[in-house]
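Structure first, then comments.
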Amino acid sequence: MAVKRARSTGAAVKRARSTGAAVKRARSTGAADRPQPSAAKSKSETERQLEIPSSLTVNQLSQLLGLSVVEVIKQLMRNGVMASINQVIDYDTAATVATDFGHEAQEKPRSAPAEEMASHQRFLEEDAALLQPRPPVVTIMGHVDHGKTSLLDAIRQTNVIATEVGGITQHIGAYQVEIDGRKITFLDTPGHEAFTAMRARGAQVTDIAILVVAADDGAMPQTVEAIDHARAAGVPIVVAINKIDKPEANPERAKQQLADLGLLIEEWGGDVVCVPVSAKKKQGISDLLENLLVVAEVAELKANPHRPAVGAVIEAGMDKTKGPLATVLIHTGTLKLSDTVSVGDTWGRVKAMFNEKGKRVKQAGPATPVAVLGLNSVPQAGDTLLAVADERKARAMWQERQAAKQQLAQAPGKLMSLDNLYTQLSAGAVKGLNVVLKTDVQGSIEPIRDSLERLGTDKARVRVIHSGSGGITESDVLLTIASKGIVIGFGTRPEPGARRIADLERVDIRYYDVIYNLVDDVERALEGLLEPTYVEVIEGHAEIRAIFTMGKKGKVAGTYVTDGKVSRGAQARILRQGESIYESKVSSLRRFKEDVTEVATGFECGVGLEGRSEFEVGDIIELYRKERSS
């Protein structure tokens, strides 16, 4: 039965691959229709021709152009694209920059010459002769308490929770299992938030996502989020319906709910693998693993183990006795002891490597997770690891990266916004607009989604990649960053953590209360007619902890300033459970019976709002000002 299902899985994935092949053929046909350079071109014109691969890093593009990384990043910013030195960009984006510098760009055929294969910064191997099959990398996602950790425990035949405190095992966060002589790498991440946070930093580390759905609970809010995050990443989903051993289990209901969410399983005529399992009784585990191997086999996952290593940091921290410790998943190449590596904002020499069992290893090949010691400082999750020739090269890359970061920090504007959407569409930097939509009530989602997606054309599509009701969360903002989109809040506001990330990463969050205004703004942005807007700059938040009656003056809120500052005369709104219920301005501000003009973070104060005397303990007062959008 498992083999039969595995074969059907292979057929489904092959159908998907044939569709991709058709798209590629169409693309190549379009390329053939483009005017080709004349044979009579002069030598100088020939020298200006530039072959660019289908994808490359910003640093590689700078080397092709013979320019500094800073110049290339500046030009990308002028075209509305915010990219770091090691970020991978596609051919269209690179061709636009090359044309700006006077080159005639052509897409390079998918057969890399020997000198390119020797480059230590190649992310995508193109010489088939050097590629070898590699294990798939799998992430387990799903709603809380649906059994993600229990399923991983069952797969590993060990108990993660019982791991000894202080052991390297509990920090590595990635594990390999072997079935029929073939390996599968599992990432033990907290869920779709961590998955998308790494993707937001440019680390696409997952090949397959297992969606765990409890048979007794069905699809829940985090199930929907996990599906949207996996779809946005373009990762195939394998469904594991867990807890089938429970008396109240109803797998058919769970399948119906998944179908309603657009996830149609194979036995219902779709192409999504669905395996019933019981992590508690270890039922269906081998069936699940076999299906994962079939999906991986059809996907033809390969890498070149004979080149310098390229990997991604899964997690990192400071070990009290050993120093900076980073868990790295190798994408391609082989990482060896004594290799010099560049990792994000740090570098170092590999002094020791440990596998998930805490044992020392001398090397790590493609799709292998290892804990690495020897870095000068702690990197961030999602940072790219590159094995380089020597310390001089590592220092030079670090200096270039710092210069690039400084340029990006000084760059105004948003990564993607309605204001620069038309510019990015015209430059070919984006193909449409990705939207994360959050509304105050569930009933508003469908009419807004339908209205937005009808606006799209063949050249510029509007795609709602995730929607839901309630406040805008950190997860929403991370998905927006990873998908290079914007957030639209309809009658709802961001949580403080989400606001901080959005401000730090320059994410455009738009707020509306009227559907017509929302749709009209997006439509005008697509046409390049959107007028300059005014954006909110959040100055601070204060939590209401007490309410005082001040005679004829009404009631005053006794507050604690949790972040930023409170200023007399500032614009203010009351947030109750993440939703705005009243907007006004600060009419009075007191500390210890003294009138003051400003109160900073960490202090208590009495706040009076113009025209408002009704407060509740636990309400949040959000202070803001409006500035013209750049």
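Just so it is clear, the values below take in all heavy atoms, side chains as well, and ignore hydrogens, waters and symmetry mates.
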Hey, are the side chains of [X] and [Y] touching, using non-hydrogen atoms and a 4.5 Å cut-off?
X: Val507; Y: Ile486; answer: no
X: Val388; Y: Val341; answer: no
X: Leu452; Y: Val522; answer: yes
X: Ile184; Y: Val138; answer: yes
X: His103; Y: Leu65; answer: yes
X: Val310; Y: Arg307; answer: yes
X: Thr368; Y: Thr185; answer: no
X: Val137; Y: Leu329; answer: yes

Which atoms form the tightest heavy-atom contact between [X] and [Y], and what is the distance?
X: Ile208; Y: Pro136; answer: CD1-CB, 4.2 Å
X: Pro369; Y: Gln176; answer: CD-CG, 3.9 Å
X: Val350; Y: Lys336; answer: CB-O, 3.8 Å
X: Asn304; Y: Leu131; answer: N-CD2, 3.9 Å

Residues forming a side-chain hydrogen bond (donor to acceptor under 3.5 Å, both in side chains) with Asp207, sequence neighbours excluded: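 Partners of Asp207 by the side-chain hydrogen bond (donor to acceptor under 3.5 Å, both in side chains) criterion, ordered by chain and then number, come out as Arg134.
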Between [atom1] of [X] and [atom2] of [Y], what distance do you get to the nearest 0.5 Å?
X: Glu51; Y: Leu64; atom1: CD; atom2: CG; answer: 10.0 Å
X: Phe354; Y: Leu373; atom1: CZ; atom2: CG; answer: 5.0 Å
X: Leu337; Y: Asp339; atom1: CG; atom2: CG; answer: 8.0 Å
X: His331; Y: Leu386; atom1: NE2; atom2: CG; answer: 9.5 Å

Does the [X] side chain pair with the main chain of [Y], one donor and one acceptor, at a distance under 3.5 Å?
X: Asn355; Y: Gly358; answer: yes
X: Thr93; Y: Ile89; answer: no
X: Asp476; Y: Thr473; answer: yes
X: Ser467; Y: Leu437; answer: no
X: Asn376; Y: Thr346; answer: no
X: Asp508; Y: Leu418; answer: yes
X: Thr334; Y: Pro305; answer: yes
X: Asn79; Y: Leu76; answer: no
X: Glu225; Y: His466; answer: no

Salt bridge between Glu453 and Arg461, side-chain N to carboxylate O under 4.0 Å?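 Result for this pair is no, no salt bridge flagged.
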Those residues that, when tested against Ala233, pass side-chain contact (heavy atoms from CB on, under 4.5 Å) (two or more places apart):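 With sequence neighbours excluded, Ala233 shows a side-chain contact (heavy atoms from CB on, under 4.5 Å) to Phe195, Arg199, Gln204, Val235, given in chain and number order.
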Can a donor-acceptor pair be found between the side chains of Glu391 and Thr340 at a distance below 3.5 Å?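 The criterion, which ignores hydrogens and geometry beyond distance, is not satisfied for Thr340 and Glu391.
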